[in-house]
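Note sheet for the following structure.
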Amino acid sequence: MTRVAIIGNGGGGKSTLALGMSNALNLPYYPVDPVQWQPGWIPAPQAVIARWHATVLAQDRWIIDGWGSWDLIAARLAAADTVILVDHPLAVHLWWALKRQAWSLVHPQAGGPADCPLLPVTGRMLRTIWRVHRRYRPQLLTLIDALGPDKRVIRIHSPRQLRAFARQLPSTVSEPAG
């Protein structure tokens, strides 16, 4: 595992897992959200995101966590040697996202976009999680299913599986939230 793409719906523990894996495997961690969102939740220009993404993919070692446009997701999955799909039931994503929103009142989100407070966008975030699950998840599953046999695909479908996966990594990985 030297080029790891972690993807899935919001609130699933992807960033926590990515940070832990980065520490355990000594891989640089690149979250997508801080690049695709400017202060105040203003979307960054696609050219800026694409340039950053290409620069990261050109490196030999990385963990990338997040979404982005479909062309960038496809490129990332093609370049990865390992794809981790965090695909909990919708209720888990919604519950964990709500807990993160409440937690953000006291503790700013690590690895999130700069000057983008979470609480004001709670409604939008919940609608996005619903839309991703209903509309984009099938497309993502099709994209992952089409990957070649040279890819290691890890599908995590429950908080229990997420914790078990984190535990089997070197001991510096922290337990995912939840």
Side-chain angles (χ1 to χ4, degrees), residues 1-37 41 49 52-53 56 59 61-68 72-73 76-77 80-122 124-133 136-137 140-141 144 152-178:
M1 264 191 277
T2 59
R3 297 163 63 99
V4 181
I6 301 177
I7 195 156
N9 208 340
K14 299 179 310 295
S15 297
T16 301
L17 178 63
L19 282 167
M21 289 181 70
S22 173
N23 291 331
L25 302 174
N26 195 28
L27 293 173
Y29 168 47
Y30 300 99
V32 174
D33 279 353
V35 178
Q36 66 183 4
W37 296 108
W41 294 103
I49 301 166
W52 168 84
H53 195 260
V56 173
Q59 297 178 25
R61 300 168 45 81
W62 43 259
I63 295 177
I64 302 175
D65 154 39
W67 277 75
L72 297 184
I73 292 170
R76 185 179 325 139
L77 298 183
D81 61 36
T82 304
V83 174
I84 300 174
L85 171 64
V86 178
D87 188 27
H88 303 306
L90 178 59
V92 172
H93 286 279
L94 291 169
W95 174 241
W96 282 12
L98 282 171
K99 287 185 354 182
R100 179 181 62 205
Q101 298 300 93
W103 183 253
S104 76
L105 290 171
V106 180
H107 300 88
Q109 180 185 8
D115 297 320
C116 292
L118 293 179
L119 201 57
V121 296
T122 299
R124 184 170 83 183
M125 179 212 51
L126 294 174
R127 287 187 300 276
T128 298
I129 290 172
W130 178 267
R131 187 172 45 256
V132 165
H133 187 78
Y136 303 127
R137 179 179 170 270
L140 178 62
L141 294 175
I144 290 172
R152 179 179 183 197
V153 177
I154 300 165
R155 297 170 191 258
I156 297 173
H157 296 290
S158 71
R160 179 182 294 160
Q161 286 180 341
L162 185 62
R163 287 188 297 273
F165 179 75
R167 276 195 297 271
Q168 62 90 31
L169 292 166
S171 63
T172 56
V173 175
S174 61
E175 286 280 322

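All values derive from a computational prediction rather than experimental measurement. Worth knowing before you read on, the calculation uses all heavy atoms, side chains too, and leaves out hydrogens, waters and symmetry mates.
Under the rule for a salt bridge (charged side-chain N to carboxylate O under 4.0 Å, His left out), the partners of Arg137 that lie at least two apart in sequence or sit in another chain are Asp87. The salt bridge (charged side-chain N to carboxylate O under 4.0 Å, His left out) search around Arg131 returns none, not counting sequence neighbours. By the side-chain contact (heavy atoms from CB on, under 4.5 Å) test, Ser158 pairs with Arg160, Gln161, sequence neighbours left out. When the side-chain contact (heavy atoms from CB on, under 4.5 Å) test is applied to Ala80, the partners found at least two apart in sequence or on another chain are Ala5, Trp62, Val83. By the side-chain contact (heavy atoms from CB on, under 4.5 Å) test, Trp95 is found to be paired with Lys99, residues two or more places apart in sequence or in another chain being considered.
A side-chain donor-acceptor contact under 3.5 Å links Asp81 to the backbone of Thr2. Not a single donor-acceptor pair under 3.5 Å links the side chain of Ser22 to the backbone N or O of Pro28. A side-chain donor-acceptor contact under 3.5 Å links Arg76 to the backbone of Gly66.
Under the 30°/60° scheme for interplanar angles, the aromatic rings of Trp52 and Tyr30 are found to stand perpendicular.
In this structure the side chain of Val32 never reaches within 4.5 angstrom of the side chain of Trp67, judged on heavy atoms.
Within the structure, the salt bridge (charged side-chain N to carboxylate O under 4.0 Å, His left out) test picks out no pair touching residues 10-32 (sequence neighbours left out).
Each of His133, His93, His157 was scored for a ring pair (Phe, Tyr, Trp, His ring centres under 6.0 Å) with His88, with one residue passing: His93.
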